[in-house]
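Comments concern the structure below.
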Amino acid sequence: MSKIKLSKISKTYKAGLFKKKVRALTDLSLSVDAGTVYGLIGPNGAGKSTTIRLLLNLSRPDRGTVRIDALPVHESLGAIGYLPENPYLYDHLTLKELLFFAGRATGLATSDIRQLMEHLTATVGLDHVRGKSLRTFSKGMRQRAGLCFALLHDPSLVILDEPMSGLDPLGRKMVCDLILSLKKQGKTIFFCSHILSDIERLCDRIAVLHQGQMVREFTPDEITELRQGKMDLETEFIDVVERNEVHA
Amino acid sequence: MIGRIWALALVTFKEGLRDRSLYGIFLFALFVLGLNVLVAGFFMRDLGKVTVDMNLSALSFAGLLLVFFIGINLMAKDIDKKTIHLVLSKPFSRGEYIWGKFTGLVMFVGATQLVLLVFSSATVAVVRWMYPNFFAGFSWGIFITAVFFVFLQHVLLCAIVVFFSSLTSSSFISLIFSLASYIVGITLEEVVFYLRTPTANEEVAGAEFLQRSLEVVTWLVPNFAAFDFKLEAAHGLALEFSHLGVTFGYACLYIMLLLILASVIFSRREFN
Amino acid sequence: MRTLGYRCLWFFLALAILVPLYAYFQSNLWSQRAEAREYLEAGYVVPSQFSRILACGYKGLLSDYQFLRILTFYGSRFAEQQQMVDEDWDYFVASIDVITDLDPYFIDPYVLTEGLLTWDAGRIEDANRLLLKGAVANENNWRLWYYLGFNSFYFMKDYVGGAEYLMIASRVPGSPDYLKTLSSRLAFYGGKTKTALLFLKGMLADTDDALLEKRLKTRLLALEGAVLIEEALVQFRDQQGHLPGSLNELVSSGYLHELPVEPYGGDWLFNKDARVFSTSKFTHR
Ligand SMILES: Nc1ncnc2c1ncn2[C@@H]1O[C@H](COP(=O)(O)OP(=O)(O)OP(=O)(O)O)[C@@H](O)[C@H]1O
Ligand SMILES: [Mg+2]
């Protein structure tokens, strides 16, 4: 069964009052099966974050439909955990308070929240700063805190917008392990990243987005080839983008 | 639903309390209250009146600063800095977000006002103890009622702040619009009643037309002057219950309608 | 779609209840305010030393606002047919004082002062103090000097002082020519009603304030009546050697066509010097 289904999505931004419209997505269709890891790659400005915002009802498509678990997006938010591109958390709260907020907002009981919080913060390596205010966090720490915020309520669909950005090698490994363990628990993971080696290692499906259109989707067989080194994701990526540049 | 609204309100409330501008505003209010104790002796007759005046004005002004400097940020910064992406990824409906933010704002303003009220009551008590002969008309009941209506005025202002923040993504624009609404609301009454006098009809060109247009404004912008019971409190004049009731109901209905409107607008908004 | 429909339903249901309720409370509140303002007490004026600071650089704006308030205050008293009591006039004077301290070049408050504080309140000294403040600040505004001269002459019977103010007024560039003749005339025939008549005509020619104009016209009518009677009285005395027993005698013996109307509703009186007065003292009661 498909967890996420986008059909024929188009999205334009009105940049300013009198400026002309910006086309962000054109006729994008994709579907993500439940229990798989789906990777979205593409050059800057390709429309990756736009796609993700559509999944969260933060933006709405001009045309086309977005379905999660066959429901319209605003009805399925409870099942989603989301990490934004540059998570800006509340300045004056402590990590603990932020996570309690996440727990209460998703209807968890206080005792559960405490337990989950302790477990998660330990996983992402923030257990020693639980009581510190988020203002004092570094970029990577904020990224990790954002991950806790996204995962606290045990969502069945995890959407991550560049989860590795700003993380040290240990942090990257931590995120990779986290994604794999989530997958093991049967969650669906949809994420985008510029770090192709991670994408290659983690994903069951990979799509390349360029100028708002899907220009290539790798099948599971191709991904096996990638992992065996018979194909190189980076050359494939550059190749497909350049080829489509000529078209455009 | 209540749980989510409460959760958001609590977060908003805490954010507000930890804003460091709060200390500045508190210092300012305490300074005015201290000044009050010091200058009380300068007045000859209307000492009780001046004390109540200064106290209520300090509370009211401090509240305005709280709403405009901290309150605005509590919602507008969410949108400005995209923290709202994080919040709305949880199962909040847009309406719940609006009510949650509003509740948090009100809790914040209420808590700070309560603390200030304690200080202010202490000031009044001290001055009254120093000059017991000049407080003949004073009544704590009326004083507290006046403070409550000052607070209600701020609650109304919070709703306006939430409303404008739901319209724009810039905290500066919502600040300007809320401030403008406040200024219009507080002066509206003077202008409206001036235009109703026969003098105005002779003096002001197009008074009729102006009067008509202001009639429309009175439906859109709340009459902030109606919440001002400083004079009554200062002179210890009895307050009519029906009068207070109408003012209270007016505020509640205005807030409800404004927030419903804000929710509707907010539901249609996109956050890119 | 289903949930959307429900939401719309709830939304309109809420509106259907809340909007009429709001309408009810809104109109009630405003009428309550209107009622409350009838008993509006003369307010408390923050002395200008403080309000200058409170104005935070918006002194002009604050003065405008305070002026508007005092206009409204007077206007509501006028509309409710309530007498301005002493405290009200205190408030008035204090307000104008603050307004002109905040912005001494703001002419309207002086005009209002001349219009109300003299005729209505009889507080000539307050009026002249305020006007002098304005005249000194606005030396090239002949009107303020003229008001000063008028008040000195008309209310304080200080003919010499009045003439001096008028001389200053007449020297201001752009002032009307009749000021010179008026000031010299004042110096010689100060006590004559006819001088007052000329003064009033000058004042009337110069005013564009509707309320003041109406008052001046009434006053002019009264003075014209008085002058007419005075002239008839003098003629009677010159020819008969004594004053008539009553004013009706003037009419019956043909010195007057008929007695002029007293616009304030009083009765005409005269004294041994053939000066004419009215029981109304030329004010509305
Ligand atoms: N708020 C916005 N207003 C106007 N245009 C926007 C807005 N957000 C994105 N765009 C435009 O939409 C297009 C897609 O942007 P998007 O943020 O989805 O790219 P992305 O793939 O996430 O890029 P990156 O790898 O840099 O994060 C870009 O051309 C961008 O200029
Ligand atoms: Mg992006």
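When reading the values below, keep in mind they use all heavy atoms of this one structure, side chains included, and skip hydrogens, waters and symmetry mates. So that the names make sense, note that chain A is the first sequence line, chain B the second, and so on, each numbered from 1.
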So which part of [X] gets closer than 4.5 Å to some heavy atom of chain A, the side chain, the backbone, both or neither?
| X | value |
| --- | --- |
| T12(B) | neither |
| L10(B) | side chain |
| R269(B) | backbone |

Just do the ring-ring contact (aromatic ring centres under 6.0 Å, His included) check on F190(A) and Y38(A) with the steps written out, would you?
CA-CA 5 Å; F190(A) 184 92; Y38(A) 197 101; 5.5 Å; yes

Side chain, backbone, both or neither: which part of Y13(A) has a heavy atom under 4.5 Å from chain B?
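Looking at Y13(A), just its side chain touches chain B.
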
R60(A) versus chain B, the contacting section by heavy-atom distance below 4.5 Å
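It is both, since atoms from each part get that close.
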
For each of L77(A), N86(A), N57(A), L89(A), tally heavy-atom pairs with chain B at distances under 4.5 Å, and name the one with the top tally.
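Counting heavy-atom pairs under 4.5 Å, the top option is L77(A).
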
Using a cut-off of under 4.5 Å for heavy-atom pairs, which of P84(A), A102(A), A105(A) has the most such pairs with chain B?
A105(A)

Among D69(A), T36(A), T188(A), which one satisfies side chain to side chain donor-acceptor pair (under 3.5 Å) with K3(A)?
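Testing each of D69(A), T36(A), T188(A) against K3(A), the sole residue satisfying side chain to side chain donor-acceptor pair (under 3.5 Å) is D69(A).
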
Would you check if the side chain of [X] reaches a backbone N or O of [Y] as a donor-acceptor pair within less than 3.5 Å?
| X | Y | result |
| --- | --- | --- |
| R18(B) | H92(A) | yes |
| Y254(B) | L220(B) | yes |
| Q115(A) | D112(A) | no |

Taking R94(B), K77(B), K82(B) one by one, which has the highest count of heavy-atom pairs under 4.5 Å against chain A?
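Most pairs with chain A among the choices: R94(B).
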
Mind ranking G16(B), S93(B), S89(B) by heavy-atom pairs under 4.5 Å with chain A and telling me who comes out on top?
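So the answer, after comparing G16(B), S93(B), S89(B), is S89(B).
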
Identify the heavy atoms of F148(B) and F248(B) that sit nearest to each other, and give their distance.
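Shortest heavy-atom separation between F148(B) and F248(B) comes out as CZ-CE1, 3.8 Å.
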
Hey, which residues of residues 129-166 of chain A are touching chain B, say heavy atoms under 4.5 Å apart?
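Near chain B, by residue number: R135(A), F149(A), A150(A), H153(A).
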
Evaluate the ring planes of W99(B) and F102(B), with Trp represented by its six-membered ring, and classify them as parallel (under 30°), tilted (30 to 60°) or perpendicular (over 60°).
perpendicular

For a salt bridge (Lys or Arg N to Asp or Glu O under 4.0 Å) check, start with the C-alpha distance between R4(B) and E96(B), then their side-chain angles and the critical distance, and finish with the verdict.
CA-CA 7 Å; R4(B) 285 192 294 267; E96(B) 284 164 3; 2.8 Å; yes

Hey, are K96(A) and E118(A) close enough for a salt bridge, meaning a charged N less than 4.0 Å from a carboxylate O?
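Here K96(A) does not pair with E118(A) in a salt bridge, since their nearest N and O are not under 4.0 Å apart.
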
Decide, yes or no, whether a salt bridge links E75(A) with R67(A) under the criterion of side-chain N to carboxylate O below 4.0 Å.
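R67(A) and E75(A): not salt-bridged.
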
